[in-house]
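To keep things clear, I will list the structure first and then write my remarks on it.
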There are 2 protein chains.
Amino acid sequence: MKETAETGKRTLEEVRDDFIGQWGAFGSQWGISRTMAQIHALLMTGPDSMSTDEVMEKLSISRGNAHTNLKELVSWGLVRITARKGERKEFFEAEKDVWKIFTIILRERQRREIDPALELLRNCQEETKHISGVGAEAFRKQVKELENFVGFARNVGSKVDKLSYGPAMKLAAKLLS
Amino acid sequence: MKETAETGKRTLEEVRDDFIGQWGAFGSQWGISRTMAQIHALLMTGPDSMSTDEVMEKLSISRGNAHTNLKELVSWGLVRITARKGERKEFFEAEKDVWKIFTIILRERQRREIDPALELLRNCQEETKHISGVGAEAFRKQVKELENFVGFARNVGSKVDKLSYGPAMKLAAKLLS
DNA sequence: CTGAACTTTCAGTAATATCTGAAACATATG
DNA sequence: CATATGTTTCAGATATTACTGAAAGTTCAG
């Protein structure tokens with residue numbers, strides 16, 4: 001926690017760099033790479049779009065790393081490519097609307113994790129249908145219950161995904177009351 | 001996908017081992033270690049509690065690894081230590097109730113990830129309160145919005161945590177209608 | 001107390017995930 | 001074209017995380 005000697009106050013740049021670093025650490029606790037989360041934090045909290053070179057510079061990372069993670073963010077839909085007149089370079093700007101960010105991540109994780117998990121659970125039941133015995137019963141029962149729950153969670157997720165911020169808040173207000 | 005040559009059907013053990021393996025892979029996409037997820041899957045889908053040695057044997061892992069991850073599961077509250085009469089060893093049994101499993105994980109992640117994130121967001125606002133300029137405005141605005149959203153999500157999570165399965169289903173039914 | 005049964009720790013090793021830097025590729029400009 | 005500018009790829013290097021196995025620690029029965 002670097003700070004100016006005199007006042008005990010840190011500059012915007014110091015606070016922001018700190019934020020970006022820690023946000024990256026959070027990201028890596030999830031399945032997201034540290035750099036991807038950092039770039040997202042960088043673009044999200046800045047006023048302007050940035051080029052690959054600016055991102056490299058600001059985060060002290062290699063071109064390859066910057067490139068790969070920027071494109072990964074674009075593929076998630078969390079970052080868009082924009083143009084600046086008179087410039088040939090690509091510039092990147094982040095989605096800033098938190099509800100949109102949330103639904104994008106929700107959708108992506110459903111697709112990448114929930115759906116395959118559901119399929120696994122269904123297959124396991126299908127394949128052990130014909131087997132009897134205490135072991136098979138225990139296995140099937142638990143897998144069935146997991147499937148019910150995961151399927152249920154998936155439905156809730158899909159529904160929430162379709163909501164926009166306002167209605168979602170209203171619904172939550174009801175829940176929280 | 002090993003299967004018996006004659007029938008095209010796999011045995012319970014084959015299907016279950018496959019399930020455990022894949023469940024472990026899902027776990028490692030989250031912040032959970034592969035082994036921890038595998039042990040949980042193993043205990044959850046079996047009819048009986050198991051000793052450390054049985055877990056080692058079934059998953060072909062070392063004693064140290066089995067031990068560490070079993071204790072980690074116990075610290076999460078996903079696994080309990082039980083005794084068997086006439087045996088000095090510790091036996092481990094998993095929580096099987098899916099709603100309980102869900103709320104345990106929810107609570108643990110709130111504590112480990114959401115709360116620290118909220119603190120970060122609050123600090124960042126506090127520390128940049130006094131700074132002006134377009135960069136500072138953009139930063140503060142975005143951080144504020146993130147804080148609102150994360151705080152909101154935390155509240156919803158806490159509320160859900162306190163629900164039991166029945167009421168939760170009812171609520172969800174309303175949401176899904 | 002002594003040894004057997006069991007649990008815990010941890011230094012070293014292995015596996016995995018991530019990053020770098022440079023070369024290949026693509027495209028626009030004069 | 002030839003060159004400059006910008007993008008993409010990827011083999012090798014590095015960093016991070018997880019695992020092993022053996023030794024030390026603990027507990028209990030006789």
> Without hydrogens or angle criteria, can the side chains of B/Trp30 and A/Glu113 be said to hold a donor-acceptor pair below 3.5 Å?
Replying inline: yes

> Are OP1 or OP2 of C/dT8 and a side-chain N or O of B/His67 less than 4.0 angstrom apart?
Replying inline: yes

> Taking CE from A/Met56 and P from C/dC19, how many angstroms apart are they, rounded to a whole number?
Replying inline: 14 Å

>> Output the rounded distance in Å from CH2 (B/Trp30) to P (D/dT17).
In response: 18 Å

>> I need the A/Thr11 OG1 to B/Glu127 CD distance, nearest 0.5 Å.
In response: 10.0 Å

>> Each nucleotide in nucleotides 21-30 of chain C should get exactly one letter: B, S or -. Can you fill that in based on protein heavy atoms under 4.0 Å?
In response: B-----BS--

> Does A/Glu137 CD have over 12 foreign heavy atoms under 6.0 Å away?
Replying inline: yes

> Given atom CZ of B/Phe91 and atom C1' of C/dT7, what is their separation to the nearest angstrom?
Replying inline: 14 Å

>> Rounding to an integer number of Å, can you tell me how far A/Glu87 CD sits from D/dA4 P?
In response: 19 Å

>> Quiz question: by atom type and distance under 3.5 Å, do the side chains of A/Arg63 and A/Thr52 form a donor-acceptor pair?
In response: no

> Between A/Tyr165 and B/Phe152, what is the ring plane arrangement, given parallel below 30°, perpendicular above 60°, and tilted in between?
Replying inline: perpendicular

> Among residues 68-83 of chain B, which residues get a heavy atom nearer than 4.0 Å to DNA chain C?
Replying inline: B/Lys71

> Just how far, in rounded Å, is P of C/dT18 from CD1 of A/Ile32?
Replying inline: 11 Å

> Can you tell me how far C1' of C/dC19 sits from CD1 of A/Ile61, to the nearest Å?
Replying inline: 9 Å

> So, for A/Trp23 and A/Ala41, which heavy atoms are closest and what is the spacing to 0.1 Å?
Replying inline: CD1-CB, 3.7 Å

>> Can you measure B/Met36 atom CE to D/dT17 atom P for me and round it to whole angstrom units?
In response: 16 Å

> Got more than 12 heavy atoms from elsewhere within 6.0 Å of CD, B/Glu108?
Replying inline: yes

>> Enumerate the side chain to side chain donor-acceptor pair (under 3.5 Å) contacts for residues 96-105 of chain B, please, sequence neighbours excluded, ordered by first and then second residue.
In response: none

>> Closest-nucleotide mapping onto DNA chain C: is B/Arg34 or B/Asp53 further toward the 5' terminus? I mean the 5' end.
In response: B/Asp53

> At under 4.0 Å between heavy atoms, what does B/Thr35 touch on the DNA or RNA strands: base, sugar-phosphate, or nothing?
Replying inline: sugar-phosphate

>> Under the criterion salt bridge (Lys or Arg N to Asp or Glu O under 4.0 Å), I'd like the reasoning laid out for A/Lys141 against A/Glu145: C-alpha separation, chi angles, the key distance, then a yes or no.
In response: CA-CA 6 Å; A/Lys141 179 168 190 295; A/Glu145 279 173 21; 3.1 Å; yes

> Separation of B/Leu59 atom CG from D/dC19 atom C1', in whole Å?
Replying inline: 13 Å

